[in-house]
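Have a look at the structure below before the remarks.
Quantities reported herein were computed from a predicted structural model and do not represent experimental measurements. Scope of the values below: all heavy atoms of this structure, side chains included, with no hydrogens, waters or symmetry mates.
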Amino acid sequence: MAKPRKRRRIKWIIALVLLLAGLGFGAYKFFHKPVEIIEIQVEPVVRRDLTETVMASGKIQPVTKAMISPEVAGEIVALPVKEGQVVKAGDLLLQIKPDSYQASRNSAEASYKVSLGSRSQAEAELARAESEFKRNEELFKNKLISASVFVEFETAVAVARLRSANAIHQVDQAHFALDKADDDLKKTTITSPIDGTVTNLKSQLGERVLGTSFNMGTEMMTIAKLDEMEARIDIGEIDVVLIESGQNVRLEVDAFRDRKFKGTVTSISNASKTPAQGGSQQQEAPKFEVRIRIIDKEAFRPGMSVTAEIETRTRTGVLTVPIQSVTTRLSAPAAASTPSPDNKPASTPAKPREVVFALEGDRVKLLSVATGISDNEHFEIVSGVSEGQKIVTGGYRAISKDLEDGKQVRIGTGTPKKEGP
């Protein structure tokens, strides 16, 4: 009996030893977890010159152009120009059939001459009435005629004067009609208002066109000065407040690859060109047209696509860090000055703040910063860092998520590894 008991006791002792060993190993693993050392890249804070830019796209258009539309309707009987032709101011662009306008002019001239004859007749009748009135006025004073007869002569003078005045007005009216007929006849001949090139010719010989008295009239062609071109771009409401006349611009035209052209801002629209949409439709963000005079000369054509980079603000010798170094973290909630209804201290919600991570030994320190302007690669740091201080610049996940104040790091280019103490 003693031996089986002894064997069982030995088995219990062995099981207890194994259990204690397992618990000890588990406790060791629990209290000796591997420490995550994040691999980072750093750069020093340096001073440099920054130029902030606003980028937008648009189209190239002539600075000066004239849309040619007829002021009278009719058939085109002469069209001596073609698209792309260079013309001078006063050159014939097209001729509208003048026959009906010539006839109207002749009729107006005849009516004018008739009105002149009527005026002469009325003036002669007035002169005769006044002469008879004066002669009979002497007779009336000498009581040689009765008062009723004298009133008849007096009335005749008044009527003659009214007829003469009406005849004068009729002459004026006929003269205005003749002037309009002359003007309409002249408008059948359309000449170029400026020196330029014929662009976007839409009309053809023999086509009937409408004058501007009929809605907008027929747009026949455009005359443009192609030696003076500008870029017309659309800027959003947030960036347009940074744009001023005279600012320098770098332009990239799709048709001329690997080249940049110089330009200058000449005007900024005061009103949005995007119409507001009502109802349930989504309203489009407001856009403002900015015009940029292109300084460099090239064979630009109206409608070419262009991208503009406008230099808005410049800073000289300011502290800078790479753009990717600046991230956000939530600030600690602040206690409110008034207690909550349940007498517990209230707090305001945490707000995001801009921060960078500075390297101090083998750990990082979280620094709150105030940023200024930026270019495509760097932020201006107004406060929060000092020149020469090493700032974490990578990787992206480390800066945006993993790093916290006091986190252990090492400088490298590989992926983060887990190591023991």
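- Looking at Glu298 and Asp296, their side chains never come closer than 4.5 Å, going by heavy atoms from C-beta outward.
- Side-chain contact between Ile373 and Leu50 is present, with heavy atoms from C-beta onward closer than 4.5 Å.
- Side-chain N/O atoms of Glu52 and Thr312 include a donor and acceptor closer than 3.5 Å.
- Side-chain contact of Gln170 with Asn166: a donor-acceptor pair under 3.5 Å is absent, judged by distance alone.
- Under the 3.5 Å distance criterion, the side-chain polar atoms of Thr199 are matched with a main-chain donor or acceptor of Thr222.
- Judged by distance alone, the side chains of Arg48 and Thr320 do bring a donor and an acceptor atom under 3.5 Å apart.
- Using a 3.5 Å distance cut-off with no hydrogens or angles, the side chains of Thr189 and Gln95 do pair a donor with an acceptor.
- Side-chain polar atoms of Glu354 and Thr371 form a donor-acceptor pair below 3.5 angstrom.
- What you find for Phe357 and Ile399 is that their closest heavy atoms are CE1-O, 3.9 Å.
- A donor and an acceptor atom, one from each side chain of Thr188 and Lys97, are nowhere located under 3.5 Å apart.
- Applying side-chain hydrogen bond (donor to acceptor under 3.5 Å, both in side chains) to Asp184 and the options Lys186, Lys180, Lys187 leaves one that passes, Lys180.
- Asp49 places a side-chain N or O within 3.5 Å of a backbone atom of Gly317 that can act as its donor or acceptor partner.
- Looking at Arg353 and Ser368, their side chains do bring a donor and an acceptor atom within 3.5 Å of each other.
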